[in-house]
Chemist: 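Pasting a structure here, questions to come.
One-based numbering, in listed order, for ligands and for the atoms of each. Scope of the values below: all heavy atoms of this structure, side chains included, with no hydrogens, waters or symmetry mates.
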Amino acid sequence: MDNSLIFFRHQLRQSMRAKRLSLSASQQVHSSHSIIPHAISLIESYQASHIAFYLPFNGEISPLPLMNTLLEQGKKLYLPILHPFTSGQLLFVNYHCKTPLKFNRLGIQEPVLDVRNIIPLQELEMIFTPLVACDKAGNRLGMGGGFYDRTLAQAPHIISVGLAHECQQVEQLPIESWDMPLNHIILGASK
Ligand SMILES: Nc1ncnc2c1ncn2[C@@H]1O[C@H](COP(=O)(O)OP(=O)(O)OP(=O)(O)O)[C@@H](O)[C@H]1O
Ligand SMILES: [Mg+2]
């Protein structure tokens with residue numbers, strides 16, 4: 001185990017989380033709307049209709065304006081839930097504007113689990129992920145749980161798209177063997 005790599009990733013997570021949290025409310029709103037055209041054209045290019053998103057936490061760029069646009073277009077949207085029995089795993093469940101939500105043990109909002117709403121990973125076409133930092137090669141640094149690395153390793157057919165504020169992109173990320181690179185990254189402009 002390379003301790004300097006672990007330390008570097010830890011330091012980078014702290015500084016990049018502070019950066020995204022320091023954006024003003026109006027910068028957050030601007031950023032979340034600025035990604036919509038690029039995201040829609042990417043989804044159209046894959047003709048995807050079963051797409052997973054996330055609910056924003058800790059200054060992450062909000063996909064909610066994009067999600068509302070997609071729901072109006074009739075796309076089927078899904079959100080991750082922490083697996084109730086298998087630690088480190090996510091389940092994906094259908095989401096619509098009336099889906100009941102609760103805070104999970106990480107303090108992140110997620111749908112209340114109803115097994116009838118689970119979509120098997122095989123049927124998901126795209127996943128939009130949050131991230132702490134990314135680089136131009138598509139590498140991703142998350143919050144440190146390994147949730148998206150596990151999901152993407154289990155389902156290599158899924159097109160992964162990282163969403164971030166432009167201040168979250170760095171020149172080159174320190175990468176571990178298990179990190180799954182993203183297929184695309186869409187950066188939101190904060191002003
Ligand atoms: N495919 C996998 N199978 C088992 N463990 C994994 C897998 N991928 C990652 N992990 C473990 O998850 C832990 C956290 O990984 P990492 O630091 O890359 O998190 P992250 O990518 O920042 O998190 P997240 O995807 O949740 O945002 C590591 O200890 C790693 O060994
Ligand atoms: Mg990782």
Side-chain angles (χ1 to χ4, degrees), residues 1-21 23 31-32 35 39 51-64 66-67 78-93 95 102-111 113 118-122 124-188:
M1 191 159 294
D2 183 344
N3 282 327
S4 62
L5 185 55
I6 291 170
F7 183 69
F8 186 26
R9 282 163 70 97
H10 176 75
Q11 294 288 94
L12 195 58
R13 277 195 181 98
Q14 286 201 324
S15 64
M16 299 305 279
R17 282 177 65 162
K19 252 190 185 183
R20 70 184 186 189
L21 267 178
L23 294 172
S31 190
S32 64
I35 57 173
I51 309 161
F53 282 93
Y54 59 90
L55 293 177
F57 172 74
N58 191 245
E60 289 166 352
I61 186 168
S62 172
L64 286 164
L66 168 62
M67 290 166 67
Y78 302 85
L79 287 175
I81 287 187
L82 296 179
H83 196 291
F85 313 124
T86 315
S87 88
Q89 294 288 336
L90 297 175
L91 286 172
F92 288 85
V93 298
Y95 169 79
K102 61 161 190 142
F103 286 95
N104 67 22
R105 62 177 169 77
L106 301 177
I108 302 170
Q109 278 200 306
E110 63 175 36
L113 178 56
I118 297 173
I119 181 173
L121 271 190
Q122 291 69 24
L124 262 187
E125 295 159 281
M126 293 180 94
I127 295 185
F128 284 73
T129 81
L131 53 86
V132 173
C134 58
D135 67 20
K136 287 173 188 155
N139 294 307
R140 171 183 180 278
L141 190 69
M143 296 278 267
F147 291 101
Y148 286 101
D149 289 322
R150 287 187 193 83
T151 301
L152 296 172
Q154 287 159 21
H157 71 281
I158 295 179
I159 304 298
S160 56
V161 186
L163 295 182
H165 305 289
E166 56 192 4
C167 64
Q168 292 176 260
Q169 192 176 67
V170 300
E171 204 47 45
Q172 198 179 0
L173 276 184
I175 286 310
E176 295 275 19
S177 56
W178 59 79
D179 283 324
M180 295 294 290
L182 297 161
N183 295 117
H184 302 274
I185 292 171
I186 302 179
L187 297 178

Chemist: Say whether, by atom type as modelled, one donor and one acceptor occur between the side chain of R150 and the main chain of G145 under 3.5 angstrom.
Modeler: yes
Chemist: Tell me the side chain to side chain donor-acceptor pair (under 3.5 Å) pairs involving residues 166-176, sequence neighbours left out?
Modeler: none
Chemist: Pick one: which of L131, D179, D135 meets side chain to side chain contact (heavy atoms under 4.5 Å, CB included) with L173?
Modeler: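 So, applying the side chain to side chain contact (heavy atoms under 4.5 Å, CB included) to L173 and each of L131, D179, D135, only D135 qualifies.
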Chemist: For atom 27 (O) of ligand 1, what is the closest protein heavy atom, and at what distance to 0.1 Å?
Modeler: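 So the nearest neighbour among protein heavy atoms is R140 NH2, 2.9 Å.
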Chemist: Apply side chain to side chain contact (heavy atoms under 4.5 Å, CB included) to residues L79 and L55 and explain how you reach the verdict.
Modeler: CA-CA 8 Å; L79 287 175; L55 293 177; 3.8 Å; yes
Chemist: Check whether H165 reaches the backbone of C167 with its side chain - one donor and one acceptor, N or O, closer than 3.5 Å.
Modeler: no
Chemist: By number and element, which atoms of ligand 1 are closer than 4.0 Å to a non-hydrogen atom of G142?
Modeler: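 Selected atoms, number and element: 20 (P), 21 (O), 22 (O), 27 (O).
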Chemist: Students should be able to answer this: which protein heavy-atom is nearest to atom 15 (O) of ligand 1, and at what distance?
Modeler: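 Here the nearest protein heavy atom works out to W178 NE1, 3.1 Å.
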Chemist: Just need the protein heavy atom nearest to atom 8 (N) of ligand 1, so name the residue and atom and give the distance.
Modeler: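 Minimum-distance protein heavy atom for atom 8 (N) of ligand 1 reads D149 CB, 3.4 Å.
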Chemist: Which heavy atom of A164 sits nearest a heavy atom of I61, and at what distance?
Modeler: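 Closest heavy-atom pair between A164 and I61: N-CG2, 3.6 Å.
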Chemist: Would you indicate whether F57, at its atom CZ, is surrounded by more than 12 heavy atoms from other residues, nucleotides or ligands within a distance under 6.0 Å?
Modeler: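 Atom CZ in F57 is crowded, with more than 12 foreign heavy atoms closer than 6.0 Å.
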Chemist: Tell me every residue that passes side chain to side chain contact (heavy atoms under 4.5 Å, CB included) with M180, counting only those two or more places apart in sequence or in another chain.
Modeler: D149, L152, A153
Chemist: Among R150, Q89, M143, which one has a heavy atom closest to atom 1 (N) of ligand 1?
Modeler: R150
Chemist: Determine, considering heavy atoms only, which of P130, G144, G88, P80 sits nearest to atom 14 (C) of ligand 1.
Modeler: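 Heavy atom nearest to atom 14 (C) of ligand 1 belongs to G144.
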Chemist: Around atom 24 (P) of ligand 1, find the nearest protein heavy atom and jot down its residue, atom name and distance.
Modeler: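 The answer is G146 N, 3.5 Å.
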Chemist: Which residue holds the protein heavy atom closest to atom 26 (O) of ligand 1, what is that atom called, and what is the gap in Å?
Modeler: F147 N, 2.9 Å
Chemist: Inside 2.8 Å of the Mg ion (ligand 2) but strictly below it, how many protein N/O/S atoms are present?
Modeler: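 Excluding waters, the total comes to 2.
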Chemist: Among T129, I159, L163, N139, which residue satisfies the side chain to side chain contact (heavy atoms under 4.5 Å, CB included) criterion with L182?
Modeler: T129
Chemist: Can you sort out the partners of T151 under side chain to side chain donor-acceptor pair (under 3.5 Å), two or more places apart, ordered by chain and number?
Modeler: none
Chemist: Checking R17 side chain against R13 main chain: does a donor-acceptor pair fall under 3.5 Å?
Modeler: no
Chemist: Verify the ring-centre separation between Y95 and Y78: is it less than 6.0 angstrom?
Modeler: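 Distance test on ring centres: not under 6.0 Å, no.
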Chemist: I need the contact type for T129 against ligand 1. Using non-hydrogen atoms and a strict under-4.0 Å cut-off, is it side chain, backbone, both or neither?
Modeler: neither
Chemist: Please work out, at 4.0 Å between heavy atoms, whether the side chain, the backbone, both, or neither of E176 comes within that distance of ligand 1.
Modeler: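 None of E176 does.
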Chemist: Out of curiosity, is Q154 lining ligand 1, as in a heavy atom under 4.0 Å away?
Modeler: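 Under 4.0 Å: no for Q154.
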Chemist: Under 4.0 angstrom from ligand 1, any heavy atom of M180?
Modeler: no
Chemist: At less than 4.0 angstrom from any non-hydrogen atom of R9, what atoms of ligand 1 do you find?
Modeler: 16 (P), 17 (O), 18 (O)
